[in-house]
Amino acid sequence: MQNTQIDPQNHEQQLAYELVANTNSSFFLTGRAGTGKTTFLHNVQKLVGKQFITLAPTGVAAILADGDTIHSFFGLPMEVCTPGTCGKMNEARILTLLHADTIIIDEVSMVRCDVMDAIDYTMRKALRNNMPFGGKQMIFVGDMFQLPPVVKQGPEKDLLKDLYHTDDFFFYKSDVIKRMRLVKIEFQKVYRQDDEHFLHILENVRMNKVTPEDIMHLNGRVQTPGEADGAVITLASINKTADEINIQRLEEIEAEEFVYEGTVDGNFEEKRFPVELKLRLKVGAQVMFTRNDLQKRWANGTLGKVTKLTKDEISVTLNNGETYVVPCCSWESYSYDYNKEERKMKKELTGTFTQYPLKLAWAITVHKSQGMTFDKLSLDLSRGMFAAGQLYVALSRVRTLEGLYLSKNVIPQYAHTSREVLTYASEYNNEQQIGNEIESGKAVYGAIQQNDYDEAAKQYLMLVAKKAEDGDFKEAMQQAKRFLDILVCDEHLYGAIEDVPESLHRSSHWAPKFIAALLSLYAQKYEEALALIGEVLEGHQCAEALYIKSRALAKLERYTEADETNCQLANVFEMATPDAKVLFMIAMLNEMHIGDPGLDLMRKLVEARPKYDKGIHALRLLMKRHNVMLDSPKESELIEAFNSDLSEENFDVLLKECRSKAPKSISYLILRIKKQELNEEQSID
């Protein structure tokens, strides 16, 4: 990889870049404060030819990430999302989602597990794809050692505990994350701080390994900042403390108060305002800049003192002695939209908020300081540090130990980290897992880009065989699950497997038997596959095993038994997020061997996979068997060809030509298929 925007000396950045650029694999990107996660994401979006959507859990985080909020984009309710909660997305948002390659969720440490499951269900339903998150690549970004998701005590917490059987509601506790392999890359190189001693203390606080020596060094900073120290911000554990400090300090200044009114143009929600709509200031007030200056005179988090105020001008002196007239600036609120004509996804500006990029900053809460960096800060410990990760967040906001001031001694109990998070962190940077993910991701990426699900399935099947041969049954099982998630039609796979590893037969565990059954099926050893999957189903009922059983029975021409198995499969089948391979299999079995109608099932497959040409071919074949023509109120060469006796090969050529040169004709074909009335009571010729 030759580019200057990804650090060539940073191994973890290289791995993350590989996953973004060359795979469709989802992953978790983490790292302590200052490791360049945000910079990496900005750079990778410029370097990789994909369509990205960036989302965040809060309005302020969304503004900082140049994105939208999770709740706004997916149309989710603000209360707890119970199973089956589906966001309300309009057609424009669904189109945007459909044409996006990668969804980035920033500050994911703040996202609750119920919200994550609602995102998954909404995406699967909107995209009509039963794969996790509708088959899209997801990049989850955040530091789990920072503050956990906010959950109100009382009914909300009780409901979540009942749903998830846990006291911690982190995003990875969601059902969707549990059913996928999510590799975890932790950036380790710190770019923000250059104080090695302080970095060591921070790491110990973060990892719950704080020593008496660390506490001693921290408590050596118990002191009150003096005038000579310049602007120093106070971090408080709760809002009330921070607000009281700011109001009290402003009122103590005996000078004229100026009020500066911000303006809103278009649609910009109040809860997303990055600063106060009414900014109250006096000469002598301590303020903090809330965004980076294009001329690099200050950054988001830089502190200063107001030195001059007029009706329409604010002058601020920074700690370095430089004084600047601060210009008003605008923040943009975005939503995502898809441009049908250009066939490109665009971020649409929905509103702007204009105000001076300043807020009173004698004090802010630790929670609101996430993502900021200060040269100097005073940590108010009057109410202690009550939340897991709170002390780490507070301490990691300052660049050096010398820039830190404490109101009282830190006690070891403040430096606590969630055991749950420590356990999760033990899985970071698992080179074998990440290597496996890159290998499988690269193997199928080209096929997925071309919407060639069957070729992608074949590549996954080859990986199942390879990993089983190597004795890595866990990885073989992982790839088997992905194979069955993406597969639609498996007719091209029979005979693709030559040998089934003998080691699979020696295991008494159900997972190796499942892999053996799968490989036996595609090695055309149907009786063996049926016997093995029967053993699996005795102790492990699952839809995947039923699918293998049905296919083996069909290949043995035991169609009635295959139909009975399909009926069992239908009991666990959810039409809101259809399983494409099940639709295809049941439709074809019904039509060709059982005598039951399958036209509507195949139509549902085409709706769910409009870019899957084999589904259109199969529907065309079945409609011809029923003497059903596709209705069209206007002339269309493609629909005429669909209704004609044109050979399958020639129709396929036309279909592919339209995909590349006339996508509107494909869209019209799919629309007519959706609207078609299918009279399946007709007898089959």
Side-chain angles (χ1 to χ4, degrees), residues 25-31 55-58 61 69-71 74 76-87 103-124 130-134 136-186 206-208 367 370 386-390 392-393 416-430 433 437 474 478 481 485 577:
S25 300
S26 298
F27 66 101
F28 173 50
L29 175 61
T30 188
L55 304 172
T58 68
T69 66
I70 289 167
H71 282 79
F74 290 112
L76 296 174
M78 296 309 294
E79 63 267 17
V80 171
C81 298
T82 52
T85 296
C86 187
I103 319 295
I104 297 169
I105 297 192
D106 206 1
E107 298 291 358
V108 75
S109 61
M110 292 195 256
V111 181
R112 293 194 319 254
C113 47
D114 63 305
V115 174
M116 195 60 64
D117 278 330
I119 292 169
D120 166 59
Y121 186 73
T122 303
M123 289 180 70
R124 285 190 290 123
N130 205 37
M131 293 171 69
F133 300 103
K136 295 293 181 183
Q137 181 181 49
M138 306 291 292
I139 305 176
F140 304 107
V141 188
D143 183 359
M144 300 312 299
F145 289 94
Q146 296 195 16
L147 290 162
V150 176
V151 179
K152 292 175 189 171
Q153 292 293 333
E156 182 177 279
K157 189 166 189 178
D158 292 343
L159 177 55
L160 283 168
K161 283 175 79 169
D162 193 46
L163 289 172
Y164 291 96
H165 312 292
T166 181
D167 291 318
D168 303 300
F169 307 106
F170 300 112
F171 84 100
Y172 59 81
K173 291 296 190 87
S174 59
D175 294 332
V176 61
I177 298 295
K178 286 177 184 173
R179 73 183 184 99
M180 61 192 288
R181 199 251 306 274
L182 189 73
V183 298
K184 306 156 191 74
I185 296 180
E186 180 187 33
R206 182 176 186 254
M207 299 301 294
N208 215 28
H367 199 279
Q370 281 194 195
F386 50 84
Q390 197 170 27
Y392 168 66
V393 171
H416 72 289
T417 303
S418 161
R419 287 187 179 279
E420 181 68 45
V421 169
L422 286 167
T423 302
Y424 192 67
S426 67
E427 302 168 5
Y428 291 173
N429 292 339
N430 182 321
Q433 263 195 14
E437 197 61 51
K474 187 176 180 182
Q478 178 69 37
K481 184 182 180 309
D485 271 347
T577 57

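Shown here are the side-chain contact (heavy atoms from CB on, under 4.5 Å) partners of M180, two or more places apart in sequence or in another chain: S26, P132, F133, V176, I177, L182. Legend: residues meeting side chain to side chain donor-acceptor pair (under 3.5 Å) with N429, ordered by chain and number and at least two apart, are absent.
Between T122 and T85, the closest heavy-atom pair is OG1-O, 4.1 Å.
F145 and Y392 have perpendicular rings, their planes meeting at more than 60° on a 0 to 90° scale where under 30° would count as parallel. Taking the six-membered ring where the residue is Trp, Y428 and Y424 present perpendicular rings, their angle passing 60° and hence far from 30°.
Separating the CG atom in D106 from the CG atom in L29 is a distance of 9.0 Å, to the nearest 0.5 Å. The CG atom of L163 sits 9.0 Å away from the CZ atom of F169 when rounded to the nearest 0.5 Å. Note that CG of L55 is 6.0 Å distant from CD1 of I70, once rounded to the nearest 0.5 Å. Taking CG from D114 and OG1 from T82, the interatomic distance works out to 9.0 Å, rounded to the nearest 0.5 Å. Taking NZ of K136 as the reference point, atom CZ of R124 lies at 15.5 Å (rounded to 0.5 Å).
Put simply, the side chain of M138 does not reach to within 4.5 Å of the side chain of M116, judged on heavy atoms. Looking only at side-chain heavy atoms (C-beta outward), V183 and S25 stay at 4.5 Å or farther from each other. Residues R112 and V151 form a side-chain contact, since some pair of their non-hydrogen atoms from C-beta on lies under 4.5 Å apart. Using a 4.5 Å heavy-atom cutoff, the side chains of I185 and E437 are not in contact. Proximity of F28 to F171: side-chain heavy atoms (C-beta onward) are separated by under 4.5 Å at one or more points. Residues F170 and S418 meet the side-chain proximity criterion, which asks for heavy atoms closer than 4.5 Å.
Evaluation of the salt bridge (Lys or Arg N to Asp or Glu O under 4.0 Å) test over residues 166-177, restricted to residues two or more places apart or in two chains, returns K161-D167, K173-E420.
No donor-acceptor pair under 3.5 Å is formed between the side chain of S109 and the backbone N or O of Q146. For E186 (side chain) and G31 (main-chain N/O), no donor-acceptor pair under 3.5 Å exists by modelled atom type. T417 contributes a side-chain N or O that, together with a main-chain N or O of R206, makes up a donor-acceptor pair within less than 3.5 Å. When atom types are taken as modelled, the side chain of D117 and the backbone of S174 share no donor-acceptor pair closer than 3.5 angstrom.
No more than 12 heavy atoms of other residues, nucleotides or ligands shown are found within 6.0 angstrom of NZ on K474.
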